[in-house]
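What follows is a short report on a single structure.
Letters A, B, ... mirror the listed sequences (proteins, then strands); counts begin at 1.
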Number of protein chains: 2
Amino acid sequence: MDSLDELTHELFTFFNGFSSWENSVIKTSELSVSEAHAIEILGTHGQMKMKTLAGHLGVTTGTTTVTVDRLEKKDYARREAVKEDRRIHLITLTQKGQQAFAEHHQYHSNLTEQILSVLSVEENQQLINILKKINAEAF
Amino acid sequence: MDSLDELTHELFTFFNGFSSWENSVIKTSELSVSEAHAIEILGTHGQMKMKTLAGHLGVTTGTTTVTVDRLEKKDYARREAVKEDRRIHLITLTQKGQQAFAEHHQYHSNLTEQILSVLSVEENQQLINILKKINAEAF
DNA sequence: AAAATTAGTTTGAATATCAAACAATCATAA
DNA sequence: TTATGATTGTTTGATATTCAAACTAATTTT
């Protein structure tokens, strides 16, 4: 097996491990996968309009309407009117939504610690360095 | 921002980039996400029974029945009887299914090359080394 | 002011998913 | 060897997810 194949294999094994970990974490919450993703985006980037949220989620605005409806019903988010343009609604996390975001972030930190525990200090630095490069340039 | 937070951020940025890349690749095909996942698992591990496939997919056997029905209808996979135990069906990729798997694998290689292009030879080696450790021990 | 554009919602259809009930087959124990 | 129990996979009924296209309301352009 050449180096390209080897890296491909390790990359996708890693990705799949991450995926199933993420899914199992979400299943412990009261949220669906799409709701959890919306909360993560809103928590990370702050309030935004429907169209921007749809863009981040990679789905249509129609789908996003439904997701935000459910989040609103469960009191994780709310729509806020904008005076300057009454077509626009800013989606904002409620207290409960921010709480859920914080909890989810804690889970992420836990996984990172788990990963760190199998790496040396030097490897940790290498990994940060490499990920920064990839994130900035590769996608 | 401490080192743990920094790594958490880079890890999940990387994971999200990977996710949306994977989804956009699947959207170019005639396959749904769940069908593509099933093909990837069957292509990687070879033929297996429903229950094992369901386990790999992280869904119930009921859901897997539906997925395999569709793959069979589109001629990507077929059920094979087992003489020793007639309850079991081995799910096998057809020629067309293997073709689809090969194409998908090619996409994966392309992404890996894209990632490699922003790394030095040394960083490439570091990344393989680190991923191997994580995949073997962390999840 | 009319026409075109934009933001978001609704609708109708296909797919995804689960839990629970079910049918067929196999294994075990009396 | 039969009766009981366990396993494998399918079906069913319900809810969730998603999209494209039609639609409404508001804003911008001409």
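Following rounding to the nearest Å, B/Arg78 (CZ) and D/dG9 (P) show an atom-to-atom distance of 17 Å. Note: NE2 (B/His89) to C1' (C/dT25) measures 11 Å, nearest angstrom. Whole-Å rounding puts the B/Lys51 NZ to C/dC26 P distance at 16 Å. For B/Leu90 and D/dT8, the CG to C1' distance is 12 Å, given to the nearest whole Å. Distance A/Leu53 CG to C/dA7 P: 14 Å, rounded to the nearest Å. Rounded to whole Å, the distance from CE on A/Met50 to P on C/dT10 is 10 Å.
Remark: side-chain polar atoms of B/Glu35 are not paired, donor with acceptor, to backbone N or O of B/Leu71 under 3.5 angstrom. Proximity of a side-chain donor or acceptor of A/Ser20 to a complementary backbone N or O of A/Asn16 within less than 3.5 Å is detected.
Closest non-hydrogen pair, B/Tyr76 versus B/Glu30, comes out as OH-CB, 4.1 Å. Pairing each heavy atom of B/Gln98 with each of B/Leu93, the nearest pair is NE2-O, 3.6 Å. Closest of all the heavy-atom pairs between A/Ser34 and A/Arg70 is OG-NH2, 4.3 Å. Annotation for A/Thr67 and A/Ala38: closest pair CG2-CB, 4.2 Å, computed over non-hydrogen atoms. Among all heavy-atom pairs drawn from B/Ser109 and A/Thr8, the shortest one is CA-OG1, 4.0 Å.
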| task | Could you check B/His89 against B/Gln47 for side chain to side chain donor-acceptor pair (under 3.5 Å), going step by step and ending with a plain yes or no? | result | CA-CA 10 Å; B/His89 299 121; B/Gln47 64 175 196; over 6 Å; no

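For the helix from C/dA1-D/dT30 to C/dA30-D/dT1, the rotation axes defined at the first and last 5 base pairs enclose an angle of 10°, given to the nearest 10°.
Of the residues in residues 29-48 of chain A, those lying under 4.0 Å from DNA chain D by heavy-atom distance are A/Ser32, A/Ser34. Residues from residues 64-73 of chain B lying near DNA chain D, meaning a heavy-atom separation below 4.0 Å, are B/Thr65 in numerical order.
Scored by the side-chain contact (heavy atoms from CB on, under 4.5 Å) test, B/Thr60 finds B/Thr63 as partners (sequence neighbours excluded).
OP1 or OP2 of D/dC19 sits under 4.0 Å from a side-chain N or O of B/Lys27. Listed pair B/Lys49 / D/dT8 meets the phosphate criterion, a side-chain N or O lying under 4.0 Å from OP1 or OP2. Applying the 4.0 Å criterion to OP1 and OP2 of D/dG9, one finds that B/Arg79 has every side-chain N and O outside that range.
A/Gln99 and A/Glu103 are linked by a side-chain donor-acceptor pair at a separation below 3.5 angstrom, with hydrogens and angles left out of the test.
Salt bridge B/Lys49/B/Asp85: absent, no basic N to carboxylate O contact under 4.0 Å.
Heavy atoms from other residues, nucleotides or ligands lying under 6.0 Å from NZ of A/Lys51 number 12 at most. Annotation for B/Tyr107: atom OH does not count as buried by contact number, only 12 or fewer foreign heavy atoms lying within 6.0 Å.
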Identify all side-chain donor-acceptor contacts of residues 129-139 of chain A below 3.5 Å with residues at least two apart in sequence or on another chain.
from, atom 1, to, atom 2, distance (Å)
A/Asn129, ND2, B/Glu123, OE2, 3.4
A/Lys132, NZ, B/Glu6, OE2, 2.6
A/Lys133, NZ, B/Glu123, OE1, 3.2
A/Lys133, NZ, B/Glu123, OE2, 3.0
A/Asn135, OD1, B/Phe14, N, 3.4
A/Asn135, ND2, A/Leu131, O, 3.2
A/Asn135, ND2, B/Glu10, O, 3.0
A/Asn135, ND2, B/Glu10, OE1, 2.8

Might you list the N or O atoms of the protein lying below 3.5 Å from N or O atoms in nucleotides 20-27 of chain D, with each pair's distance?
from, atom 1, to, atom 2, distance (Å)
D/dT27, OP1, A/Arg86, N, 2.9

